[in-house]
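Remarks on the structure that follows.
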Amino acid sequence: MPKIIDIKLRKEQIMQEAIQVFIEEGYHKTKLHQIAERCNIGRTTIYKYFKNKNDIFNCAINNVFDLLENDYKIITAKSHASQLDKIKAYIGKILEDCYEKKSLLIMLIDLWLRIKRENNEFVTKIKKRASEIQEVFEKLLHEGIDKREIKPVNVKSMAFTLFSLVESFVIQASFADELTLTESLASVNVLLDGLKA
């Protein structure tokens, strides 16, 4: 009887192993045969699931942003929480992920800087997904202002500022070891409390 393979699960496994190889070797130095060896499959088997290394990485990036989107949906479903509390929870979740996945972040930052210089399709995709996070902040700020929970502010500018805060935390968290997640979140929350109406 032929072996039944869960294609979605196998694709996820290959992607997760590929991320580890990207972290260890660097994206540009990683070869498909290294990913195949890590997965205990033949190199040509990878082509059943992905077109190439770029396709694997693109899926990994989309996976990260899909998780953020899912986190946002869970956080906004909390009807008892104020919009400011939802902003705090969303930023908190992003920072928590940063602290837990430092090695992945370092690899992504390195890759981000390289591809930004190259100006390839990844930059456009990452910028688009990053703008979705800013839109989340805009939506929460608008709703908070409408409910008089948040001071009237320039929503676009504040959403950009919040995103910039998160972005700088992502970069700094990947290199800094002296601050804990709890200390970082406490500091961010002090800043965010300044938005209370």
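- The shortest non-hydrogen separation linking Tyr49 to Lys11 is O-CE, 3.5 Å.
- Gly194 and Lys151 make their closest contact through O-NZ, 2.9 Å (heavy atoms, listed as atom of the first residue, atom of the second, distance).
- Under the 4.5 Å side-chain criterion, counting only non-hydrogen atoms from C-beta, Arg10 is in contact with Ile41.
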Inset, instruction - Mind running side-chain contact (heavy atoms from CB on, under 4.5 Å) on Ile133 and Val166 for me, showing each step along the way? - result: CA-CA 10 Å; Ile133 294 173; Val166 169; 5.8 Å; no
Inset, instruction - Just do the side-chain hydrogen bond (donor to acceptor under 3.5 Å, both in side chains) check on Glu149 and Gln83 with the steps written out, would you? - result: CA-CA 7 Å; Glu149 298 170 350; Gln83 299 310 104; 5.7 Å; no
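- Between Tyr90 and Phe137, the distance separating the two ring centers is shorter than 6.0 angstrom.
- Rounded to the nearest 0.5 Å, atoms CD1 (Ile35) and CD1 (Ile56) are 4.0 Å apart.
- Not counting sequence neighbours, Asp146 has no partner by the salt bridge (Lys or Arg N to Asp or Glu O under 4.0 Å) test.
- Under the 3.5 Å distance criterion, the side-chain polar atoms of Ser157 are left unmatched by any main-chain donor or acceptor of Asn154.
- Using a 4.0 Å cut-off between charged side-chain N and carboxylate O, Lys8 and Glu12 make no salt bridge.
- In this structure the side chain of Phe57 never reaches within 4.5 angstrom of the side chain of Met15, judged on heavy atoms.
- Note on Lys156 versus Glu138: salt bridge recorded, some NZ/NE/NH1/NH2 to OD/OE distance being below 4.0 Å.
- Residues Ile91 and Ile87 form a side-chain contact, since some pair of their non-hydrogen atoms from C-beta on lies under 4.5 Å apart.
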